[in-house]
Amino acid sequence: MLPVADPRPTPLPEGLGADVPRHVAIVMDGNGRWATARGLARTEGHGAGEASLVDVTYGAIAAGVEALTVFAFSTENWRRPVDEVRYLMNFNRGLLDRRQAELAADGVRIVFSGRRDWRVPRGVLRRMARAEVETSANTAFTLNIAFNYGGRAEIIDAVRALVAEGVSPRQVDERALARHLYRPDLPDPELVVRTSGEYRVSNFLLWEIAYAEFVFTDVLWPDFRREDLYDALMEYQRRERRFGGVTP
Ligand code: IPE
Ligand code: IPE
Ligand code: MG
């Protein structure tokens, strides 16, 4: 475990066993409703979600999780009002400006999954690339930010890469395709958490979640803290994973 300068050190819950997932993925949902309920602009909800992200990252490290993938902006989120999209683009850069140094000092590697295409402002792409380079020596924990990410787009991009390599049909198998996904260095997430009482996948990690366990919670993302993550981890530990087989 990392020697972290955790801003809110919290003991792990008694009931948390040793079988902690290596990789947890979170659909950080409910920011807009959190803000609307308070008479605030939707973007204030996104801003409030930053504290959740930082707290959950430290909680994941403390629990012994190795990687966290968080859904920050989907390929479908371009359909939102232009002001909200602009806010979310700049928010990504601002988050790095505000948090990268602190997280990196605590051993966090920051990476991104998603399409780095013309729709993302160039300055934001540059800042993302810089964060990846500057934190690349950290190996103990990975924070993977899914940004301009779509599960179908990811599979299409992998297929394109395979075709560009000139592979023959016989060489196309699950391993070959998985090697061309955005983060072949990360294991598939064993656990996916979605906040805000929505029970859908919304194009998140379609390939990687083939056998993931799902935990849904009504908590809105800006209210979500590491204690909620620990609840999800304990729920995960009560599940019986069979992978299509039978339990002896
Ligand atoms: C999740 O919160 C953040 C993003 C999708 C960027 P939402 O903005 O989807 O919040 P709700 O679902 O409208 O409450
Ligand atoms: C999924 O949430 C995307 C992110 C959390 C970034 P959405 O709020 O966009 O998903 P839908 O539209 O409710 O399915
Ligand atoms: Mg939503």
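Every number for a ligand or one of its atoms is a count from 1 in the order of the listing. For clarity, every value in this text was computed on a predicted model and none was experimentally measured.
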Report, as a single number, the protein N, O or S atoms less than 2.8 Å from the Mg ion (ligand 3).
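Number of qualifying protein atoms: 1.
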Main-chain N/O of S113 paired with R116 side-chain donor or acceptor, under 3.5 Å
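No; judged by distance alone, with no hydrogens or angles, the pair does not exist.
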According to the interplanar angle, ranging from 0 to 90°, do the rings of F147 and F112 count as parallel (below 30°), tilted (30 to 60°) or perpendicular (above 60°)?
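Perpendicular, since the angle between the ring planes exceeds 60°.
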Could you check whether the rings of Y149 and F71 sit parallel, tilted or perpendicular, using 30° and 60° as the cut-offs?
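Taking F71 first and then Y149, their aromatic rings stand perpendicular (interplane angle over 60°).
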Could you give the N/O to N/O pairs under 3.5 Å linking ligand 2 and the protein, each with its distance?
| residue | atom | partner | partner atom | Å |
| --- | --- | --- | --- | --- |
| ligand 2 | 8 (O) | D29 | OD1 | 3.3 |
| ligand 2 | 8 (O) | R80 | NH2 | 3.2 |
| ligand 2 | 9 (O) | N77 | ND2 | 2.9 |
| ligand 2 | 9 (O) | R80 | NH2 | 3.3 |
| ligand 2 | 10 (O) | R194 | NH2 | 3.3 |
| ligand 2 | 10 (O) | S202 | OG | 3.4 |
| ligand 2 | 13 (O) | R200 | NH2 | 2.8 |
| ligand 2 | 14 (O) | R200 | NE | 2.8 |
| ligand 2 | 14 (O) | S202 | OG | 2.6 |

R109 pairs by side-chain hydrogen bond (donor to acceptor under 3.5 Å, both in side chains) with which of T139, T142, N144?
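Answer after filtering T139, T142, N144: T142.
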Going by an N to O cut-off under 4.0 Å, is there a salt bridge joining [X] and [Y]?
{"X": "R86", "Y": "D83", "value": "yes"}
{"X": "R200", "Y": "E76", "value": "no"}
{"X": "R175", "Y": "D173", "value": "no"}

R42 heavy atoms, cut-off 4.0 Å: which ligand 1 atoms fall inside?
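What qualifies from ligand 1 is 7 (P), 8 (O), 10 (O), 13 (O).
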Cluster link L205 to L143, ILVMFWY, side chain under 4.5 Å:
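No: no chain of side-chain contacts under 4.5 Å links L205 to L143.
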Show your working on side-chain hydrogen bond (donor to acceptor under 3.5 Å, both in side chains) between D55 and S52 and close with a plain yes or no.
CA-CA 5 Å; D55 193 64; S52 309; over 6 Å; no
If you measure only the distance, is there a donor-acceptor pair under 3.5 Å linking the side chains of E208 and H23?
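Per modelled atom types, E208 and H23 side chains form no pair under 3.5 Å.
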